[in-house]
**Q** 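One structure follows; several queries about it will come next.
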Amino acid sequence: MTRWGRVVMIVAAITVGGGVAVRGLSEEAPRHQLPAPADGRSKVVGLCDGETSVTVTGLAPGERMAPDKAQAVASELMGKYDAKLQVAHGGTEHTQRETRVWEAELKRVVDEGYKLFHSPEIGTNGISCDMCHPDASITHPETYPKFQSQLKKVALLRDMINWCIENPLEGPKLADDDPKMRAMEAYILSTRKGVPLDPGKH
Amino acid sequence: MQKARSLMVSMLSAAVLQLPNGVLEPVIPEQNPVTAARVELGRRLYFDKRLSADGTVSCATCHDPLKGFADGRPVGLGIKNQTGARNSPTVLYTGFNEVQFWDGRAPTLEEQAKQPLINPVEMGQPSHDAVVKAVAAVSDYAAGFTAAFGSREVTIDRIAQAIAGFERTLAPFASPFDRFLAGDKQAISDAAKRGFVLFQGKARCVTCHEFNASFPYFTDNKFHNIGVAMKGNFEQLAREAQTVIGKGAESQQAALAHKPGVEALGRWIVTRQPKDIGAFKTPGLRNVALTAPYMHDGSQKTLEEVMDFYNKGGESNPNLDGGMRPLNLTKEEISDTIEWMRTLTDDGGGSNFDWAQLKDLSTKTRAGEIVPAP
Amino acid sequence: MPKYVLPKERERQEYQEARADLLQALPHLSRRDFLSMSAQAAAVATVAWKGFPPHSFQLINVAEAKETAPKFTIAYVSDTHILDKGLTHRFVRACQKAVQDVNALEPQPDFVLFGGDLAQLGKPEELSIGQQILKDLKAPVRMMVGEHDWYLDMGEKWREMFGEPTYSFEHKGVHFIVLNSVIVEDYWTEPKMTPMQRMLAMAQLDNPHGRPFTVGEAQRDWLKKDLAKVNKKTPVVVFSHSPLYKYYRPWNFWTDDAEQVQALLAPFATVTVIHAHTHQPLTNRFKNITFHGVLSTAWPWPYAPKGLPELTVQMVRADPFNQFDGCGWGTVTALQDGQVNKRYNLWDRNPMDVTFEQVSKGRKGMEQLAAQLKGNISWPSY
């Protein structure tokens, strides 16, 4: 539904006194039971889902909202509706526990990657990744896959990580599925998320 | 219009060159598409000793089909038994080099072909005009030039173009390694397979000896100082360089490239860039087993010697390429890598000529030289 | 033979033209470049070529005005970050390489500045190895301290080996000052960090809990007193590990009391700051002060995402295949008028010269340098 479409629907809802008919296929449309407004200067606006509503204050009796106010009300209603819609695969909402676990796990892996990235033990000569790449700068993970001139073939991020481990760091390369490799990739990718690409600069 | 013409040249040449799928084409100058007539003329000229001052040296003398299109010598041996300063590179696959000569002073094969003709220690002609005269005097060539270029007129450019066209066809892609890449897993031994992995990994070769499906020629077409030239006296080298500068020798790059001592300056002779001192072009590795001895001065006789040189990190000198460093390869790893390098040899030594067709076009031969049966 | 498939076209013409331009432009970089084959260069007296390797070629002004003629030259070797992991370790070799290069200069520089961070972890073994290598320098050496030298034992070993970190001296009419500009506020005593923990915290450039470098009140007082004895017209050159301006705080490319230090230097006619720590060519100018960064021998830092001084012409990022790329050493040439020309001797690249003339022209002058360097680039930017 377009934004204007929503505005129109809600404005229509107000002018007919607070209810929006959701036309089902053949049965009689259910009526949205809206809570009563607090005073004469408030209106309760209901959404077509039959559940969500928003109270609008500061209106004169019978006043038609200005478009931008109507838009704000519409946005608030849709915001509430979207929040309701955070369903997982299978149609159930995400729980708070789940969100906490995800964040904790991500933090754990990224922190592990941070540690390895800053560790002189990955290589054998005391050099660590952060020496050339402080804050994972000039890693440009978003540019992969690309032809990597040191390897003379197309590389993925982990190929280049391994090349750096073997060459400047003179260490043993990591298996593709080594948790250490995945942690370092996670650190690099998460640190560079959203950083504008400025090739070769930082 | 420009693009359309380039495309036509490409298509025409492609039909003659027959490269494998996905491989990028060599750079072919627009004025010299690879046509069957030009290739045939070029082949004849390539083997013709009459192009040299005393009729004893042809291209095939230093770039001998029976010796991997090189000559098995440390440096070239020209007319009157004179030696130059540079190792003769193989002509096989040389069409895929961006520039020619160890110092890259010739931008095309055509330009390269012109230089040995007038190099006093190679074919020794006094000028290109002398070469043109010699070729024009051979009435047999008239038909060839007409077929190749539309008229019987002989010019140095036409001679060079014909030779270059022939050279561009010298790309057989018929080695065990090529068959391995095409899917035949039995084509090379396990040791060679390990060697290939080392080549791309621990031995750090691939970064300069570039190899991938689009460009399978084992060269990055760049110039690196690995220290071969620099084991001598640096002070002396500096003094030589001073005389070079003083004489404004830009136009005499070829002469400098064969002058003992000075020639060690390598790419610097062409670019005059400080970072190019002692730097030479990365050669390709195809048929490397056939083209001993190695390096720009032929100073390394065997592949073992070459591997040991790299394993220790090249020869330390103030301008050593920073990519050189000790590799810590084990004896077994070295032998695996060499085993792999041997799989880069084209069947029949890269020479797929019908020898019955080849005639020695001159009556003079040099003592001890192998002459293909007429 | 497999059937041939027509590959993509190549822009041969463009390539040839670009190449011809390149070959043409390179030997004629500057009229003071003795490798130029132009008639001008040929007309000038040849310089003694005993000076190999290539970076040792001295600049000689051909037809410069008297004020901008060179007076003397010093060299620098900096940020060697030596680790005690054997004498074939690449940081050790790089330090030796720099020393060899400086020793090959003809004529020799008046002295060599060591810019700080001799050791990586401040260990006595590391400092020892560094000292041994620097002893090979033919010219006299002036030492400056960096945070990697200091924070293992708060400078105890450094003082023992090299003396006080803060000092000044006169040389041919220029007043030189050497500062210990890596003083940070104590954050290690309270959490009871061990010396090595403190050192490792200071060693990590992107340490999110780091504190900014300062010159500090005590040193600023010393500086004030020192400068009081100096004539305002005397050229002043300050050697400092941290930049003495504010570039990027997260990486401590920063001096927190920069304004106060700059204020002390404000009354002087010509002031140059030569600073280390940033491992990259950097140029800045603020009022009467010109700031030049120096190269590290060990590794290059990337340019920071923010705060890069406008005048800086950035070097192209290093190729990690080449252990010396983006690294090197350099020289500072003091001119008759007290300003300086700065040369970055980047290994495996052509040298980069930042003259005061260019700096004084501001961004425009530096753009000239950038244009000259375009033919210089031997590696793509990423």
Side-chain angles (χ1 to χ4, degrees), chain A residues 110-111 113-121 123-153 155 157 159-171 187-188 191-192 194-202, chain C residues 79 81-86 88-93 117 119-121 123 126 148 200-201 203-208 210 248 250-253 278-280 296 298-308 312 314-327 377-382:
Chain A
V110 168
D111 283 354
Y114 178 93
K115 243 182 45 210
L116 294 164
F117 196 84
H118 290 79
S119 161
E121 305 300 319
T124 60
N125 58 10
I127 296 175
S128 53
C129 313
D130 65 310
M131 282 181 180
C132 288
H133 301 282
D135 291 329
S137 50
I138 50 172
T139 52
H140 303 319
E142 65 272 39
T143 60
Y144 289 94
K146 68 182 176 193
F147 185 89
Q148 188 70 50
S149 48
Q150 288 79 12
L151 284 86
K152 289 297 186 294
K153 63 183 185 193
L157 176 59
D159 298 323
M160 195 53 190
I161 293 174
N162 262 339
W163 185 91
C164 275
I165 291 175
E166 289 187 296
N167 286 278
L169 271 58
E170 297 179 81
Y187 165 68
I188 292 170
T191 308
R192 300 298 292 179
V195 176
L197 177 63
D198 202 356
K201 296 292 171 66
H202 56 81
Chain C
D79 294 274
H81 291 273
I82 287 174
L83 281 162
D84 180 26
K85 283 185 174 274
T88 54
H89 190 270
R90 56 182 265 189
F91 291 173
V92 170
R93 288 174 53 220
D117 287 350
Q120 166 63 4
L121 297 175
K123 292 203 242 176
E126 296 169 348
H148 286 259
L200 290 170
Q204 188 183 324
L205 192 82
D206 57 1
N207 185 349
Y248 190 60
W251 294 349
N252 236 341
F253 288 179
T278 46
H279 299 207
Q280 64 199 209
S296 160
W299 75 82
W301 288 127
Y303 285 96
K306 287 206 293 272
L308 183 70
T312 297
Q314 298 178 48
M315 73 173 174
V316 171
R317 69 172 296 188
D319 169 15
F321 182 70
N322 181 333
Q323 66 195 296
F324 298 128
D325 196 19
C327 305
I377 290 170
S378 57
W379 195 254
S381 59
Y382 90 87

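The structure presented is a predicted model; accordingly, all values stated were derived computationally and were not measured. So you know, we letter chains A, B, ... as the sequences are listed, proteins then strands, and number each from 1.
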**Q** Would you say A:His133 and C:Pro302 make side-chain contact, with heavy atoms under 4.5 Å?
**A**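 A:His133 does not reach C:Pro302 side chain to side chain.
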**Q** Taking side chain to side chain donor-acceptor pair (under 3.5 Å) as the test, write out the residues that go with A:Glu170, two or more places apart.
**A**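 Per chain and number, A:Glu170 pairs via side chain to side chain donor-acceptor pair (under 3.5 Å) with A:Asn125.
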**Q** I'd like to check C:Tyr303 versus A:Ser137 (side-chain heavy atoms, cut-off strictly below 4.5 Å). Are they in contact?
**A**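 Counting from C-beta outward, C:Tyr303 and A:Ser137 never come under 4.5 Å.
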**Q** Measure the shortest side-chain to side-chain distance between C:Phe91 and A:Ile127 over non-hydrogen atoms and say whether it is less than 4.5 angstrom.
**A**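 Counting from C-beta outward, C:Phe91 and A:Ile127 do come under 4.5 Å.
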**Q** For a quick test of reading the model, state the closest non-hydrogen atom pair linking C:Gln204 to A:Asp130 and the distance between them.
**A**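 Closest heavy-atom pair between C:Gln204 and A:Asp130: CG-OD2, 3.8 Å.
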**Q** Distance check, rounded to the nearest 0.5 Å: C:Leu200 atom CG versus A:His118 atom NE2?
**A**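 Interatomic distance, C:Leu200 CG to A:His118 NE2, rounded to 0.5 Å: 12.0 Å.
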**Q** What heavy-atom pair brings C:Asp206 and A:Tyr114 nearest, and what distance separates the two atoms?
**A**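 Closest heavy-atom pair between C:Asp206 and A:Tyr114: O-OH, 4.3 Å.
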**Q** Do the side chain of C:Trp299 and the main chain of A:Met131 share a donor and acceptor less than 3.5 angstrom apart?
**A**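 Pair found, side chain donor or acceptor close to backbone of A:Met131.
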**Q** Under a 4.5 Å heavy-atom cut-off, does chain A meet the side chain of C:Gln314, its backbone, both or neither?
**A**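 Looking at C:Gln314, just its side chain touches chain A.
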**Q** Which pair of non-hydrogen atoms, one from C:Pro320 and one from A:Met160, has the smallest distance, and what is that distance?
**A**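 Closest pair (atom of C:Pro320, atom of A:Met160, distance): CG-CE, 4.3 Å.
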**Q** So what's closer than 4.5 Å to chain C heavy atoms on A:Thr124: side chain, backbone, both or neither?
**A**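 The answer is the backbone of A:Thr124.
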**Q** I need the residue from A:Val195, A:Asp135, A:Asn167 with the largest number of non-hydrogen atom pairs under 4.5 Å to chain C.
**A**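 Among the listed options, the one with the most contacts to chain C is A:Asp135.
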**Q** Can you give me the closest heavy-atom contact between C:Arg317 and A:Ile138, atom names plus distance?
**A**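 Shortest heavy-atom contact: NH2-O, 3.3 Å.
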